[in-house]
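Okay, so here's the structure we're looking at.
Within every chain, numbering begins at 1; the chains are lettered A, B, ... in the order of the sequence lines, protein sequences first and strands thereafter. A quick note: this is a predicted structure, and the numbers were derived from the prediction, not measured.
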Number of protein chains: 2
Amino acid sequence: MGIRKNDILQGTLVLLILKSLATNPRLHGYAITSHVQRVSENLLRVEEGSLYPALHRMEQEGWVRADWGKTEKNRDARFYSLTAAGRKQLAHEQESWARLTEGVARVIRYA
Amino acid sequence: MGIRKNDILQGTLVLLILKSLATNPRLHGYAITSHVQRVSENLLRVEEGSLYPALHRMEQEGWVRADWGKTEKNRDARFYSLTAAGRKQLAHEQESWARLTEGVARVIRYA
DNA sequence: TATGCATAACTAGCTTAACTAACGGTTCGA
DNA sequence: TCGAACCGTTAGTTAAGCTAGTTATGCATA
């Protein structure tokens with residue numbers, strides 16, 4: 001119930017992925033996980049069982065594009081990049097996120 | 001997908017209710033709705049179909065206590081108040097919320 | 001040579017919160 | 001007396017994220 005520790009709130013995951021790809025074009029899934037974890041300084045952790053389904057959904061939606069390639073460790077990996085639609089979506093999600101957090105902040109601040 | 005407009009993110013609702021009851025002891029459901037909407041300055045809107053089930057769950061969890069009474073408009077209404085467990089839960093949820101938003105903020109800020 | 005670890009991707013099945021879209025009843029003012 | 005605001009309830013749906021696996025390969029090292 002409520003906010004569970006180590007739970008990424010519904011909706012947040014997509015935002016994090018889009019933003020990661022806006023910052024680093026062409027990341028593979030595994031790299032997205034570590035990027036989010038590193039940049040958030042361990043506050044956030046993306047589970048693989050959440051990540052890959054999300055990436056597939058986002059590809060369906062046309063927000064990301066995928067192609068196979070080699071990592072610098074010489075492994076096969078699917079690299080994702082943002083599409084124009086993805087960039088637009090990122091803007092929307094960022095705005096929604098700002099509105100939500102501002103709303104919650106007001107309720108919390110209100111003495 | 002992602003953050004839908006007018007969706008209260010999963011987990012946020014409980015936090016909002018707990019906080020509303022911490023600020024205003026003894027609110028009825030309808031009043032919680034209007035309180036959140038007013039205090040958030042219309043950024044947030046709590047749907048009744050979400051609110052009442054949430055209140056029932058929270059009562060089951062022992063976070064709130066309910067009793068029937070009369071409103072100042074002379075209507076029957078179920079008044080909710082925080083329990084000790086509810087206050088403790090509020091502290092947890094507020095901390096989780098802070099951790100999540102800080103994590104997301106770092107990912108977003110990261111250039 | 002084998003053995004193990006880190007890397008990389010994927011999925012079935014479950015849980016659960018929040019929503020939609022109703023419905024029922026009451027009080028009060030126009 | 002009629003409608004609007006007030007107050008509560010619920011069945012059924014959706015969908016996102018999690019758990020707990022599986023598969024596979026490159027590389028280091030014992």
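Distance CG (A:Leu16) to P (D:dA16): 15 Å, rounded to an integer number of Å. We find that CD of B:Gln37 is positioned 11 Å from P of D:dC6, with the value rounded to whole Å. One atom, CG of B:Leu55, and another, C1' of D:dT10, lie 14 Å apart when rounded to the nearest Å. Distance CG (A:Leu27) to P (C:dT7): 15 Å, rounded to an integer number of Å. Whole-Å rounding puts the B:Ile32 CD1 to D:dG8 P distance at 9 Å. For A:Arg45 and D:dG17, the CZ to P distance is 15 Å, given to the nearest whole Å. Atom CG in A:Leu15 sits about 11 Å away from atom P in D:dG17, given to the nearest Å. Between the CG atom of B:Leu51 and the P atom of D:dC6 there is a distance of 15 Å, rounded to whole Å.
Residue A:Gly29 is in sugar-phosphate contact alone, with no base atom involved, counting any heavy-atom pair closer than 4.0 Å across all strands shown. Among the heavy atoms of the strands lying under 4.0 Å from B:Leu13 are primed sugar atoms or P, OP1, OP2 only; no base atom is included.
Distance from the side chain of B:Glu48 is smallest for D:dT9 among the nucleotides C:dA8, D:dT9, C:dA18. Closest approach to the A:Arg57 side chain among D:dC7, C:dC10, D:dA16 is made by D:dA16 (side chain taken as heavy atoms from C-beta onward). Checking C:dA18, D:dG8, D:dT10 against every side-chain atom of B:His28, the shortest atom distance belongs to D:dG8. Taking only side-chain atoms of B:Lys73, from C-beta outward, the nucleotide of D:dG26, D:dC7, C:dA9 with the closest atom is D:dC7. Counting only heavy atoms from C-beta on, B:Asn74 has its side chain closest to C:dT27 among C:dT11, C:dT27, D:dT19. Comparing atom distances between the A:Thr71 side chain and each of C:dA18, C:dT27, C:dA8 picks out C:dA8 as nearest. For A:Arg75, counting side-chain heavy atoms from C-beta on, the closest listed nucleotide (D:dT9, D:dC18, C:dT7) is C:dT7. Nearest to the side chain of A:Glu47, among C:dT27, D:dC18, C:dT11, sits D:dC18.
Ring geometry for B:His56 against B:Tyr52 counts as tilted: the plane angle lies between 30° and 60°, on a 0 to 90° scale.
With the nearest nucleotide of DNA chain C identified for both A:Asp76 and A:Gly49, A:Asp76 has the one nearer the 5' end. Remark on DNA chain C: of its neighbouring residues B:Thr12 and A:Ala77, the 5'-side contact belongs to A:Ala77, judged by nearest-heavy-atom nucleotide. Nearest-nucleotide positions on DNA chain D place B:Pro53 closer to the 5' end than the other of A:Lys70 and B:Pro53.
Residue A:Ser40 comes nearest to B:Val107 through the heavy atom pair CB-CG2, 4.2 Å, listed as atom of the first residue, atom of the second, then distance. The minimum heavy-atom distance between A:Tyr110 and B:Lys19, with the atom names listed, is O-CE, 4.2 Å. Annotation for A:Leu90 and A:Ala22: closest pair CD2-CB, 3.6 Å, computed over non-hydrogen atoms.
Contact between the side-chain N/O atoms of A:Tyr30 and the OP1/OP2 oxygens of C:dT7 is found at a separation under 4.0 Å. Remark: A:His56 is not in phosphate contact with C:dA9, judged by side-chain N or O atoms under 4.0 Å from OP1 or OP2. Considering only side-chain N and O atoms, B:Tyr52 lies nowhere under 4.0 angstrom from the phosphate OP1 or OP2 of D:dT9.
No salt bridge links A:Arg57 with A:Glu59; every basic N to acidic carboxylate O contact stays at or beyond 4.0 Å.
In the interface, the side chain of B:Arg78 is not paired with the base of D:dG8 through any donor and acceptor atom under 3.5 Å apart.
Among the candidates B:Thr33, B:Thr12, B:Leu13, B:Leu16, the single residue satisfying the side chain to side chain contact (heavy atoms under 4.5 Å, CB included) test with B:Leu44 is B:Leu16.
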